[in-house]
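Take a look at the structure below.
Keep in mind the model is a prediction, meaning the values are calculated, not measured. Below, all heavy atoms of this structure are taken into account, side chains as well, without hydrogens, waters or symmetry copies.
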Amino acid sequence: MIRDAKYKKGDIIYRQDEEASEVFFVKYGTVHLYIDYKTDESKLISIVPEGKVFGELGVIEGKPRTMTSVAAEETIVTIVDKESFPSYIEKYPNKLLVVMESLSSRIRAQSHKLAKACKVVADYTEEKETKGSVDKALMEEMKILAAENRKAKR
């Protein structure tokens, strides 16, 4: 089924850990994506503006939602269920580019994080080997990476 839905500011569109059975295209407004929404660990992960897509990863993978989506303002989305997704893309091929752009952006962000982590580890190893100890600033970077990694595993 394909339908439009309107959300008021603060409305939850879907919750973290729910079954992913729909993809959402933002027609109007903005959506915020949070990990651990409304907890002490809550973190805004992404802002989805008009013309973009969210919720596609869970549908493509067939896995539960990794985040909670919240309307940041009055928002209208087109909701496409998993069964209708192929025919929707066939009818609106430009939407496939929107999905691909979203996935590409996520891969690029993860690649950047991985490259940063590799550099910090390489710097740590080099300092440890050449100086016998590690600079305080570098140790702080290692701690930040470790904390980010622990949070990502949740």
Side-chain angles (χ1 to χ4, degrees), residues 1-124 139-154:
M1 181 166 55
I2 301 165
R3 61 188 169 84
D4 284 351
K6 186 175 183 179
Y7 295 93
K8 292 181 275 179
K9 181 179 180 175
D11 284 352
I12 293 175
I13 299 168
Y14 62 72
R15 294 181 189 280
Q16 185 174 330
D17 298 323
E18 287 181 350
E19 178 186 343
S21 59
E22 299 168 319
V23 178
F24 302 81
F25 292 90
V26 181
K27 288 179 82 171
Y28 173 83
T30 307
V31 175
H32 288 174
L33 302 176
Y34 293 91
I35 289 180
D36 300 326
Y37 184 63
K38 289 220 172 180
T39 70
D40 291 341
E41 301 295 316
S42 182
K43 183 174 181 183
L44 177 63
I45 299 298
S46 184
I47 298 172
V48 186
E50 190 173 307
K52 300 298 182 183
V53 65
F54 64 100
E56 76 284 3
L57 199 58
V59 169
I60 291 168
E61 291 182 313
K63 295 191 176 180
R65 302 287 187 197
T66 57
M67 294 177 245
T68 297
S69 60
V70 180
E73 59 186 327
E74 186 174 294
T75 300
I76 298 171
V77 297
T78 298
I79 303 171
V80 183
D81 70 9
K82 187 174 187 167
E83 293 74 30
S84 302
F85 188 63
S87 62
Y88 182 77
I89 292 299
E90 192 173 308
K91 186 173 181 179
Y92 303 101
N94 63 319
K95 296 298 184 183
L96 182 57
L97 292 175
V98 174
V99 171
M100 290 172 60
E101 181 184 82
S102 174
L103 296 174
S104 176
S105 176
R106 288 183 189 178
I107 291 169
R108 182 179 306 281
Q110 291 304 316
S111 295
H112 178 73
K113 286 180 183 178
L114 177 60
K116 179 181 174 187
C118 288
K119 182 186 179 322
V120 170
V121 170
D123 289 350
Y124 172 87
M139 279 305 295
E140 285 304 311
E141 284 187 62
M142 292 286 283
K143 288 178 185 176
I144 290 167
L145 284 174
E148 287 174 1
N149 183 51
R150 278 191 300 276
K151 185 149 188 128
K153 285 184 178 182
R154 285 190 209 157

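In this structure, the separation between NZ on Lys9 and CD on Glu74 is 12.0 Å, given to the nearest 0.5 Å. From Ile79, atom CD1 reaches atom CZ of Arg3 across 3.5 Å, with rounding to the nearest 0.5 Å. The CG atom of Leu96 lies 5.0 Å from the CD1 atom of Ile89; values are rounded to the nearest 0.5 Å. Between the CD1 atom of Ile12 and the CD atom of Glu18 there is a distance of 9.0 Å, given to the nearest 0.5 Å.
The nearest pair of heavy atoms linking Pro49 to Ile47 is CD-O, 3.4 Å.
Between Phe24 and Thr75 there is no side-chain heavy-atom pair separated by less than 4.5 Å.
For Thr78 and Asp4, the side-chain atoms include at least one donor-acceptor pair closer than 3.5 Å.
A donor-acceptor pair under 3.5 Å links the side-chain atoms of Ser87 to the main chain of Ser84, judged by distance alone.
Counting heavy-atom neighbours within 6.0 Å of Glu73 CD, excluding the residue itself, gives a total above 12.
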Can you list, pair by pair, the side-chain donor-acceptor contacts under 3.5 Å of residues 51-69, counting residues two or more places apart and other chains?
unit_1, atom_1, unit_2, atom_2, d
Lys52, NZ, Glu101, OE1, 2.2
Glu56, OE2, Ser102, OG, 2.6
Arg65, NH1, Gly55, O, 2.7
Arg65, NH2, Glu22, O, 2.6
Thr68, OG1, Gln16, N, 2.9
Ser69, OG, Tyr14, N, 3.1

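With sequence neighbours excluded, the residues forming a ring-ring contact (aromatic ring centres under 6.0 Å, His included) with Tyr92 are Tyr88, listed by chain and number.
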